[in-house]
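Remarks on the structure that follows.
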Amino acid sequence: MLRTLTIGALLTACSATAAPVAQHDARATATHSATAASGPLVGRVIGIDPGHNGRNYTDPSYIDHQVWNGRENEDCDTTGTATDGGYTEALFNFRVATFLAADLRADGAQVVMTRHTNNGVGPCITRRAHIINAAHADVAIDIHADGGPASGRGFTVLEPVRDRVNSAIVKPSAAFGRVLRREILAMTRMPVSTYDGINGITHRDDLAGLNLATEPKVLVEAGNMRNAQDARMLVSTVFQRRLAAAFAAAIVDYLRS
C-alpha cells in the first residue's frame, strides 16, 4: 500500500495482470441459501474495503486531489503497488475481497463493499469510509498489500489511533486485530512483518479509513509485493482463498466474543 507506481509502470503492470475473479456459481445453490439463513453471521453487517482500483492510474488529477483524512489532507487515493512481475495490488485486494465476501455471505452476513469491480477509478478514501459507516457495519476490514523494502517480508495489521471521530472504536479494533493476526498465522504461511510494526501489529493515525471509522476496523497489509517470496504467495489463488478464509474466521470469532 505504501509504495505507489508511476503511470508508465502501471501501464506495464496492468497489461500483465490476470483476469478478474470468476463468479462463485457453486455457492448459488439451495443448500448454500439454507446454510446462510442459519449461519453464524445472520443479522450482521460486514464492511470490506479492497484498497485502490484497477484504473486509478488513468486519472491522476482525480486520485491526486486532496481530501481530509480526519487529521490532515492527503491524496484522494493512490495507484497502489505491484509485484516485479506486474501483478497489481489493486487486483490482489479485489480478488481477496471477492473471496471474503462469498465466505461471509455463506455464513449469513450482509456484506458492504466499497467497490464492486477492478475496472474503475476511486472512490476516494473518505468516500470508502463513509460507505461502510453509513451501512452501520458491525466490523470492517481494509485489504491491502505493501510495497516495502525488497528484503522485508510479512503481513501487518494496522490499527487506529484515537481521534475525535473514531475514539469509541479504538479498543474493539485492537481486539479484532489480535484475532485477525492469530487467524492469519494459523491459516496461511505468511509470517509477521520483519520491517513494519511489532509482531505483526502497528498503529497508524494517517489513514482516512481508520481515522474516520465508526465501527471496529483494521487495515491489513497482507504481505510485501516487492519481496520475491511474498510475491509468489500473494499472486497465488490458493493463498488468496486461504487469506480470505482467515479473515472470515477472524470476523466470526470476533463477533461471537
Side-chain angles (χ1 to χ4, degrees), residues 1-17 20 47-98 113-132 140-150 152 155-161 193 195-197 202-213 217-227 230-231 234-235:
M1 183 192 71
L2 300 180
R3 178 188 174 104
T4 59
L5 300 178
T6 65
I7 298 302
L10 256 295
L11 287 168
T12 301
C14 286
S15 67
T17 55
I48 306 175
D49 180 14
H52 313 294
N53 206 328
R55 293 186 62 81
N56 276 4
Y57 71 97
T58 66
D59 197 349
S61 64
Y62 176 76
I63 65 169
D64 289 349
H65 85 265
Q66 297 292 286
V67 296
W68 182 252
N69 73 5
R71 292 180 183 270
E72 59 189 356
N73 286 319
E74 67 170 302
D75 291 347
C76 156
D77 204 350
T78 67
T79 59
T81 188
T83 68
D84 289 345
Y87 192 102
T88 66
E89 179 194 353
L91 179 59
F92 169 81
N93 299 341
F94 185 69
R95 285 178 62 88
V96 175
T98 302
M113 299 266 283
T114 60
R115 61 182 175 101
H116 298 279
T117 75
N118 194 47
N119 300 313
V121 176
C124 290
I125 50 177
T126 46
R127 174 64 181 160
R128 292 166 186 261
H130 175 73
I131 289 169
I132 294 175
I141 185 168
D142 292 353
I143 302 172
H144 287 263
D146 204 9
F155 76 89
T156 313
V157 178
L158 281 58
E159 299 176 358
V161 174
S193 178
Y195 64 93
D196 185 22
T202 191
H203 297 86
R204 294 284 292 271
D205 66 358
D206 60 336
L207 302 173
L210 299 183
N211 291 351
L212 302 177
K217 190 179 191 183
V218 299
L219 186 154
V220 178
E221 297 282 11
N224 180 12
M225 287 196 139
R226 311 307 293 180
N227 176 275
D230 280 12
L234 293 167
V235 304

- Could I get the full list of ring-ring contact (aromatic ring centres under 6.0 Å, His included) partners for Tyr62, not counting sequence neighbours? His65
- Rounding to 0.5 Å, atoms OG (Ser193) and CG (Leu158) come to a distance of 9.5 Å
- Message: Regarding Arg128 and Asp77, does a basic nitrogen lie under 4.0 Å from an acidic carboxylate oxygen?
- Response: yes
- Item | N-O pairing of Arg71 and Asp206 below 4.0 Å | no
- Task: Examine the side chains of Asn56 and Thr58 and answer whether a donor and an acceptor come within less than 3.5 Å of each other.
- Result: no
- Message: Walk me through whether Met225 and Glu89 qualify under side-chain contact (heavy atoms from CB on, under 4.5 Å).
- Response: CA-CA 8 Å; Met225 287 196 139; Glu89 179 194 353; 3.8 Å; yes
- Message: For a 4.5 angstrom cut-off between non-hydrogen side-chain atoms, does Lys217 reach Ile141?
- Response: no
- Message: Rounded at 0.5 Å granularity, tell me how far CG in Asp64 sits from CG in Asp59.
- Response: 9.0 Å
- Go through Asp146 and Asn224 one step at a time and tell me if the side-chain hydrogen bond (donor to acceptor under 3.5 Å, both in side chains) criterion holds. CA-CA 5 Å; Asp146 204 9; Asn224 180 12; over 6 Å; no
- Least distance between heavy atoms, Asn118 atom then Leu91 atom: ND2-CA, 3.6 Å
- Mind checking side-chain hydrogen bond (donor to acceptor under 3.5 Å, both in side chains) for Gln66 and listing every partner two or more places apart, or none if nothing turns up? Asp75
- Rounded to the nearest 0.5 Å, the NE2 atom of His116 sits from the OG1 atom of Thr98 at a distance of 10.0 Å
- Task: Taking the side chain as every heavy atom from C-beta outward, state whether Pro50 and Arg115 have any pair of such atoms under 4.5 Å apart.
- Result: yes
- First locate atom OH of Tyr57, then atom OG1 of Thr78, and finally report the distance between them rounded to the nearest 0.5 Å. 15.0 Å
- Looking only at heavy atoms, which two atoms of Thr202 and Gly197 are closest? And how far apart? CB-CA, 3.6 Å
- Message: Working note: Ile143 + Ile48, criterion side-chain contact (heavy atoms from CB on, under 4.5 Å); need CA distance, chi angles, decisive distance, verdict.
- Response: CA-CA 8 Å; Ile143 302 172; Ile48 306 175; 3.8 Å; yes
- Locate the shortest heavy-atom distance separating Ile131 from Met113; write the atom from each residue and the value. CG2-O, 4.1 Å
- Message: Tell me the closest heavy-atom pair linking Ala208 and Ala129, and the distance in Å.
- Response: O-CB, 4.2 Å
- Passing candidate, side-chain contact (heavy atoms from CB on, under 4.5 Å) with His203, options Val161, Leu210, Val157: Val161
- Query: Arg226 side chain to Ala82 main-chain N or O, any donor-acceptor pair under 3.5 Å?
  - Reply: yes
- Item | Heavy-atom closest pair, residues Asn93 and His144 | OD1-CA, 3.2 Å
- Check against side-chain hydrogen bond (donor to acceptor under 3.5 Å, both in side chains), His52 and Thr79: CA-CA 6 Å; His52 313 294; Thr79 59; over 6 Å; no
- Task: State, to 0.1 Å, how close Asp49 and Asp142 come at their nearest heavy-atom pair, and which atoms those are.
- Result: CB-OD1, 3.1 Å
- Message: Distance check, rounded to the nearest 0.5 Å: Asn211 atom CG versus Glu72 atom CD?
- Response: 8.5 Å
- Atom CG in Leu234, atom OG1 in Thr83: separation rounded to 0.5 Å? 8.5 Å
- Message: Taking the side chain as everything from C-beta on, heavy atoms only, tell me whether Leu212 gets closer than 4.5 Å to Thr126.
- Response: yes
